[in-house]
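Let me begin by presenting the structure, written as structure tokens, before commenting on it.
Chain naming here is simple, since letters A, B, ... match the order of the sequence lines and numbering starts at 1 in each.
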2 protein chains.
Amino acid sequence: MNIQFNNRDPVYIQVIQHFKLQIAKGFLESGDVIPSRRELASQLKINPNTAQRAYKEMEEEGLIKTEKNQPSKVTHDQDVLRGVRNELIDEAVSQFVDSVKSINVPLEDAMKLIETHYKEKGDYND
Amino acid sequence: MNIQFNNRDPVYIQVIQHFKLQIAKGFLESGDVIPSRRELASQLKINPNTAQRAYKEMEEEGLIKTEKNQPSKVTHDQDVLRGVRNELIDEAVSQFVDSVKSINVPLEDAMKLIETHYKEKGDYND
DNA sequence: GACGGTGTACTAAGTGGTTAATACACTGTT
DNA sequence: AACAGTGTATTAACCACTTAGTACACCGTC
């Protein structure tokens with residue numbers, strides 16, 4: 001567990017984002033336990049309340065499930081997990097399409113640019 | 001002149017963005033005059049200092065040029081103007097590619113999604 | 001039952017950055 | 001010369017939001 005924080009976005013948002021990425025990549029699966037608030041805070045050197053805030057929002061989104069005095073677990077609802085991935089993708093697509101359309105970039109040009117950029121950069125591993 | 005402000009981003013940023021879009025679309029061309037700080041502020045119902053801040057940053061980026069007691073004008077430097085468009089595009093492309101790669105979406109899938117989304121939505125007019 | 005672990009709630013403090021207020025210098029016009 | 005319009009600079013106020021502090025309730029285990 002290690003997150004590269006930027007100091008642009010709020011920490012708790014970045015924590016949530018981190019977990020969503022893990023889920024979207026399949027590294028975190030249904031039923032997996034995640035660290036306690038205090039443990040996560042300790043590992044990431046953040047305030048426990050910040051961890052709590054992140055967990056609370058994830059709980060409200062249905063990503064994780066917490067039972068009394070039990071470590072929080074990733075939800076068993078497969079649809080929700082698939083949803084995380086799809087939302088991340090949809091968000092990226094929508095934003096991109098909105099951007100290029102707003103300045104009248106033809107579809108063909110946009111596609112070509114993506115293809116080039118995609119192939120240029122190395123793959124992610126973690 | 002009319003901007004649909006969101007209350008997420010700072011106003012002065014949105015003002016800059018608006019001018020960049022106008023430039024990228026070719027609606028604002030080299031040498032065109034833009035409203036005075038106070039006039040813009042009046043039109044948009046924002047504080048003159050907010051307009052000033054936006055103009056100042058655009059000045060620093062070389063987008064506009066201001067001479068004493070003359071209305072600010074869009075730069076004559078064509079390269080800068082082309083740069084605006086290219087930066088907007090590059091930004092969109094990079095962000096998209098980073099996003100999809102970070103969750104291991106294959107290029108083909110990404111392309112297909114873009115194509116579909118692009119065709120679905122109506123074109124922009126303004 | 002004491003202790004260390006868990007999750008949770010409430011409140012206070014801090015903080016960074018945006019926006020507003022105000023004033024100054026300059027120029028052209030009347 | 002007065003005035004109304006420019007751009008500019010400095011400082012103050014504001015404000016939303018994040019983060020931190022603290023305390024409480026609960027459960028297992030030793």
Side-chain angles (χ1 to χ4, degrees), chain A residues 1-20 23 28 30-77 80, chain B residues 1-20 28 31-77 80:
Chain A
M1 176 78 54
N2 186 21
I3 304 183
Q4 201 72 334
F5 290 117
N6 67 53
N7 44 330
R8 195 170 59 256
D9 305 310
V11 171
Y12 76 94
I13 294 285
Q14 297 182 60
V15 171
I16 294 173
Q17 190 68 10
H18 173 261
F19 277 100
K20 284 190 176 178
I23 290 173
L28 265 184
S30 184
D32 285 354
V33 295
I34 58 177
S36 79
R37 279 75 167 157
R38 290 176 176 83
E39 190 187 335
L40 183 80
S42 164
Q43 287 183 16
L44 301 181
K45 297 181 180 44
I46 62 177
N47 189 285
N49 279 309
T50 304
Q52 159 62 2
R53 173 145 190 196
Y55 277 25
K56 186 181 179 184
E57 296 217 0
M58 289 196 285
E59 186 98 35
E60 285 168 355
E61 288 187 46
L63 268 52
I64 64 174
K65 194 72 195 160
T66 309
E67 284 171 62
K68 267 199 176 173
N69 286 3
Q70 291 293 317
S72 298
K73 297 191 188 67
V74 176
T75 181
H76 286 94
D77 189 333
V80 170
Chain B
M1 178 77 53
N2 188 20
I3 305 183
Q4 200 73 333
F5 290 116
N6 66 55
N7 44 331
R8 191 171 62 256
D9 305 310
V11 172
Y12 77 95
I13 294 284
Q14 296 183 61
V15 172
I16 295 174
Q17 190 67 10
H18 174 262
F19 278 100
K20 285 190 176 177
L28 265 183
D32 285 354
V33 296
I34 59 176
S36 78
R37 279 77 167 154
R38 288 176 177 82
E39 190 186 337
L40 183 80
S42 163
Q43 286 183 16
L44 301 180
K45 298 182 178 44
I46 62 177
N47 189 285
N49 280 311
T50 305
Q52 159 63 2
R53 173 145 191 198
Y55 278 24
K56 186 181 182 185
E57 296 218 1
M58 289 196 285
E59 186 98 35
E60 286 168 356
E61 288 187 46
L63 267 53
I64 64 174
K65 193 72 196 160
T66 310
E67 284 172 62
K68 267 198 176 170
N69 286 3
Q70 291 292 319
S72 298
K73 297 191 188 68
V74 176
T75 182
H76 287 92
D77 190 332
V80 170

Exercise for the section: Can you check whether any acceptor in the base of dA25(D) is under 3.5 Å from a donor in the side chain of Asn69(A), or vice versa? Expected result: no

Practice task
Report which part of the nucleic acid Tyr55(A) touches: base, sugar-phosphate, or nothing (heavy-atom distance under 4.0 Å, all strands).
Solution key: nothing

Problem - dG7(D) OP1/OP2 closer than 4.0 Å to side-chain N/O of Thr66(B) - result: no

Problem - Distance below 4.0 Å between Ser36(B) side-chain N/O and dG5(D) OP1 or OP2 - result: no

Exercise for the section: Check whether any side-chain nitrogen or oxygen of Arg53(B) sits under 4.0 Å from OP1 or OP2 of dT19(C), and answer yes or no. Expected result: no

Practice task
State, yes or no, whether a side-chain contact exists between Phe19(B) and Ile64(B) at a heavy-atom distance under 4.5 Å.
Solution key: no

Problem - Of Asn47(A) and Gln70(B), the one whose closest DNA chain D nucleotide lies more 5' - result: Gln70(B)

Problem - Base dA9(C) to side chain Asn49(A), donor-acceptor N/O within 3.5 Å cut-off - result: yes

Practice task
Kindly say if Thr50(A) contacts the phosphate of dT18(D), meaning a side-chain N or O under 4.0 Å from OP1 or OP2.
Solution key: no

Problem - Distance-minimising heavy-atom pair for Asp9(B) and Asn6(B) - result: N-OD1, 2.8 Å

Fill in the blank from the handout: Arg38(A) has its side chain closest, among dT6(C), dC26(C), dA23(C), to dT6(C)

Handout entry: Arg37(B) side chain near dT6(D) phosphate (N/O to OP1/OP2, under 4.0 Å)
Key = no

Practice task
Would you tell me if any nitrogen or oxygen in the side chain of Tyr12(B) comes within less than 4.0 Å of OP1 or OP2 on dT19(C)?
Solution key: no

